[in-house]
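The next block holds one structure in the form of structure tokens; read it before the comments.
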Amino acid sequence: RKWLSTSIADALRTRASARRLNRRGLAILVATSLLPLALHAKLNVVATLPDFAAIAKEVGGEKINVNCLVKGTEDSHFVDARPSFITLLNRADLLIDGGAELEIGWLPPLVNNARNAKILPGAPGRFDASVGIRLLDVPSGQVDRSQGDVHPLGNPHYWSDPANGKIIAARLAEVFS
């Protein structure tokens, strides 16, 4: 009888140990199988303008998710900010803006309220599309807003030139690589 009760107790302990090992093994298997997904997660890109979003999508392909803040029918100087913009910016890994103070009237408060240090000016997640492009119509002398639609840094509508689109695409390729 003693032999039988000892055998049953040993068997139960062995089964409990096996279950614990199986649970640990399953947890390790799940964690290691999800690791490649985490390592290859898509980059969340937010572009201020549809043209920048299109260039980013072409360059980044399946490696990125792209959202655009401004519709093609909207004036990029005067955009009605929506709460959804703050959510998109909060989750962004990269923000592509036009630079040259194109979005000066509406983008800075959105970026500040998004509370995302990655996309603040000068941060690695902030992509100023105007960098490396020679802007035209740079005014000389004193310039202020009382003079009308004057751009102190030059004409910020540079992306309509295909050569400038290539410059933007090449820079984005470096960022995405």
Side-chain angles (χ1 to χ4, degrees), residues 34-139 143-145 147-177:
L34 293 177
L35 187 61
L37 293 176
L39 292 175
H40 298 293
K42 289 185 175 186
L43 196 67
N44 287 320
V45 177
V46 175
T48 57
L49 303 177
D51 292 337
F52 300 147
I55 293 170
K57 188 65 182 164
E58 281 298 313
V59 174
E62 296 300 315
K63 295 186 228 174
I64 65 171
N65 289 320
V66 181
N67 288 290
C68 186
L69 299 180
V70 178
K71 295 176 184 161
T73 57
E74 291 179 294
D75 181 347
S76 56
H77 296 283
F78 309 103
V79 174
D80 290 325
R82 296 188 278 285
S84 61
F85 291 175
I86 294 172
T87 304
L88 287 172
L89 291 169
N90 175 263
R91 297 178 181 156
D93 297 307
L94 181 71
L95 170 60
I96 304 170
D97 70 84
E101 297 185 353
L102 175 67
E103 303 97 343
I104 193 77
W106 58 272
L107 187 60
L110 291 172
V111 169
N112 289 337
N113 285 312
R115 298 183 181 142
N116 182 349
K118 292 186 278 188
I119 62 167
L120 292 174
R126 185 67 172 262
F127 184 91
D128 178 343
S130 69
V131 171
I133 294 175
R134 194 177 125 264
L135 297 177
L136 303 176
D137 303 326
V138 179
V143 177
D144 64 42
R145 296 287 176 199
Q147 297 170 326
D149 190 20
V150 177
H151 300 285
L153 301 178
N155 186 340
H157 305 282
Y158 54 83
W159 64 88
S160 59
D161 181 344
N164 291 336
K166 287 181 181 182
I167 293 169
I168 297 167
R171 289 187 50 235
L172 281 174
E174 289 177 23
V175 170
F176 295 152
S177 62

Q. How long is the gap from NZ on Lys63 to NZ on Lys57, to the nearest 0.5 Å?
A. 11.5 Å

Q | Closest heavy-atom pair and its distance - Gly98, Ser130 | A | O-CB, 3.3 Å

**Q.** From Leu69 atom CG to Ile86 atom CD1, the distance as rounded to the nearest 0.5 Å
**A.** 10.5 Å

Q | With sequence neighbours excluded, residues passing ring pair (Phe, Tyr, Trp, His ring centres under 6.0 Å) with Trp106 | A | none

(Q) Between Leu120 and Asn112, is there a side-chain heavy-atom distance shorter than 4.5 Å? (A) yes

Q | Heavy-atom closest contact (Ser76 atom, Leu102 atom, distance) | A | OG-CD1, 3.7 Å

Q: Please examine the side chains of Leu136 and Arg134, heavy atoms only from C-beta on, and report whether any two atoms are closer than 4.5 Å.
A: yes

Q) Can Phe52 and Leu172 be said to form a side-chain contact (heavy atoms from CB on, under 4.5 Å), step by step? A) CA-CA 10 Å; Phe52 300 147; Leu172 281 174; over 6 Å; no

Name each donor-acceptor pair under 3.5 Å that joins a side chain in residues 88-96 to protein atoms two or more places apart or in another chain, with its distance.
unit_1 : atom_1 : unit_2 : atom_2 : d
Asn90  : ND2    : Ala114 : O      : 2.7
Asp93  : OD1    : Lys118 : NZ     : 2.8
Asp93  : OD2    : Asn44  : N      : 2.8

Q. Any chance CG of Asp75 has more than 12 other-residue heavy atoms, nucleotides or ligands included, within less than 6.0 Å?
A. yes

Q) Between Val70 and Cys68, what is the shortest heavy-atom contact and its length? A) O-SG, 3.1 Å

Q: Looking only at non-hydrogen atoms, find the nearest pair between Ala53 and Ala47 and report the distance.
A: N-CB, 3.5 Å

Q: Would you name the heavy atoms of Glu62 and Lys42 that are closest together and state the gap between them?
A: O-CE, 2.9 Å

Q) What's the verdict on side-chain contact (heavy atoms from CB on, under 4.5 Å) for Leu110 and Glu103, showing C-alpha distance, side-chain angles and the deciding distance? A) CA-CA 11 Å; Leu110 291 172; Glu103 303 97 343; over 6 Å; no

Q. Which pairs pass side-chain hydrogen bond (donor to acceptor under 3.5 Å, both in side chains) with one or both residues in residues 158-177, sequence neighbours excluded?
A. Asp51-Trp159

Q) Is the number of heavy atoms from other residues, nucleotides or ligands within 6.0 Å of CD (Glu58) greater than 12? A) no

Q | Distance in Å, Glu101 CD paired with Leu107 CG, rounded so as to fall on 0.5 Å steps | A | 12.0 Å

Q) Can you list the steps and then say if Ile168 with Ile133 is a side-chain contact (heavy atoms from CB on, under 4.5 Å)? A) CA-CA 9 Å; Ile168 297 167; Ile133 294 175; 3.9 Å; yes

Q. Any idea which heavy atoms bring Ala100 and Leu135 closest together, and the distance?
A. CB-CD1, 3.7 Å

Q) Which is it for Val45 and Phe127 under the side-chain contact (heavy atoms from CB on, under 4.5 Å) test, yes or no, and what are the steps along the way? A) CA-CA 10 Å; Val45 177; Phe127 184 91; over 6 Å; no

